[in-house]
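Report on one structure; see the data block that follows.
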Amino acid sequence: MKQLARTTLLASLTCLAALLPGLAAAQNGYPTKPIRVIVPFAAGSTTDIIARAIADKMGTSMGQALIIENRGGASGTIGQQAVATAAPDGYTVMIHSSSHTVSPSTFAKLPFDTVHDFAGVTPISSLPNALVISPSKNIKTLPQLLAAARAKPGSMNFASAGQGSATHLNAEKFKMAAKIDATNIPFKGSGEAVTEVLSGRVDYYFSPIAPVIGQIKEGQLLALAVGSPKRAAALPDVPTTTEAGVPGSEFNFWIGMMAPTKTPRDIVNRLHDEVVKALATPEVKERFLKLGADAWTLKPEQFDAYIKDEITSNAQLVKAAGLAVQQ
């Protein structure tokens, strides 16, 4: 009996110890200071735009500012490392894109573990990528682009927001499905990529809609197709790549929030609830509609599972595309 009582007591103490960080956070009235939000891409990128769209609403609701800090470069891995090594106290979080699940396959070695060093909070949005091109190229439809690429194999290039980024993977999946040869030109973010396509120095770009919707409406860029499984609400007249004749080219681009893995669970849940609350506000709904973004959320544990599954599927895509692994 004494042994049983001792075992029960030890188990209870262990459970209590596990709960202490969360209890302490709750007692301290989290948050008590501004929250740093690291975006692993340059200002003006789609991830940055989405982060800023919800940060103000979350800050107002939580009583503390969410301060965006752009840490672009190395396909998002610089920003990822900053979050992976940050104190797990709820005052550093990351808003990243699908690139998060690509880097384990495109880098030989990372200074963090993509699965074990991050706790999923929730996806925030799913966004179709639009295949955009400068009107100066005199290509008005996707079949015309394919014809030009096939007429001179290897002569065409495309922009991406970094080697191994979601925009890169979308383009590679399209290239394989379309059976064309084109060269990736990586940039630090969508802003630079769009500039190069506008100038005509780069042929095309599978861009998230947010940074190009204005140029499309003004006629500075032409959207030939969207890479998503269904048409984008912001571009209802633009066909999907499948509809335009390239089946098997669909790609899901998402943006979501993560925290260092040992962040107390009550804080992770609080952040999740605050994102959901922000997405429900009329102002954010209107902003997302203009950006061509769809709100999308999952519970933290569901997001963790989704990330693990997508790492596996992206690894298969990277291998099939024969992408070089960065050392």
Side-chain angles (χ1 to χ4, degrees), residues 40-41 46-47 74-77 80 96-110 112-115 123 126-133 142-143 145-187 190 193 202-208 224-230 239-256 304-327:
F41 297 111
T46 301
T47 308
S75 299
T77 58
Q80 286 172 285
H96 198 3
S97 73
S98 307
S99 302
H100 183 70
T101 63
V102 176
S103 54
S105 302
T106 53
F107 285 84
K109 186 176 181 181
L110 290 170
F112 52 81
D113 187 303
T114 309
V115 172
S126 61
L127 305 96
N129 283 330
L131 195 171
V132 294
I133 191 169
L142 190 60
L145 175 71
L146 297 178
R150 290 165 181 161
K152 295 182 178 179
S155 64
M156 221 169 238
N157 55 35
F158 61 88
S160 72
Q163 177 78 7
S165 66
T167 57
H168 181 201
L169 265 288
N170 194 159
E172 290 289 351
K173 189 172 184 181
F174 168 77
K175 189 174 77 171
M176 286 193 299
K179 296 180 174 61
I180 61 172
D181 185 14
T183 303
N184 174 40
I185 308 296
F187 297 96
S190 284
V202 176
D203 292 312
Y204 65 91
Y205 176 39
F206 270 95
S207 173
L224 303 184
V226 291
S228 49
K230 62 180 182 179
T240 66
T241 50
T242 295
E243 290 174 330
V246 188
S249 54
E250 304 89 352
F251 188 88
N252 182 36
F253 179 83
W254 55 262
I255 290 168
D304 284 333
Y306 181 88
I307 287 171
K308 289 182 69 174
D309 289 344
E310 193 168 90
I311 287 172
T312 300
S313 61
N314 279 336
Q316 295 169 350
L317 173 58
V318 167
K319 184 177 180 179
L323 300 187
V325 176
Q326 299 184 60
Q327 301 301 318

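Worth saying up front: this structure is predicted, and the values here are computed from it rather than measured. Positions are given from 1 along the sequence.
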Closest non-hydrogen contact found for Pro247 with Ala177 is O-CB, 3.5 Å
May I ask you to test the Met156-Ile180 pair for a side-chain heavy-atom distance under 4.5 Å? no
In short, ring-ring contact (aromatic ring centres under 6.0 Å, His included) pairs touching residues 145-168 with sequence neighbours left out are Phe158-Tyr204
Pairwise side-chain contact, Thr167 with Thr46, heavy-atom cut-off 4.5 Å (strictly under): no
Check whether any side-chain heavy atom of Leu317 lies under 4.5 Å from a side-chain heavy atom of Glu172, and answer yes or no. no
Any side-chain heavy-atom pair from Ser126 and Asn252 closer than 4.5 angstrom? yes
Quick one: are Thr114 and Phe107 in side-chain contact, heavy atoms under 4.5 Å? no
Please give me the minimum heavy-atom distance between Ala225 and Leu142, naming the atom from each residue. CB-CD2, 4.2 Å
Nearest heavy-atom neighbours spanning Thr241 and Ser249: OG1-OG, 2.6 Å
Any side-chain heavy atom of Leu323 sitting closer than 4.5 Å to one from Leu169? yes
Mind listing the closest non-hydrogen atom pair of Ser75 and Phe41 along with its distance? C-CE2, 4.3 Å
Donor on one side chain, acceptor on other, Thr242 and Glu250, under 3.5 Å: yes
Distance only, no hydrogens: is a donor on one side chain within 3.5 Å (strictly under) of an acceptor on the other, for Asn314 and Ser105? no
Nearest heavy-atom approach of Asp203 to Ile133 is O-CG1, 3.0 Å
Using atom types as modelled and distance alone, determine if a side-chain donor or acceptor of Lys308 lies under 3.5 Å from a backbone N or O of Val115. no
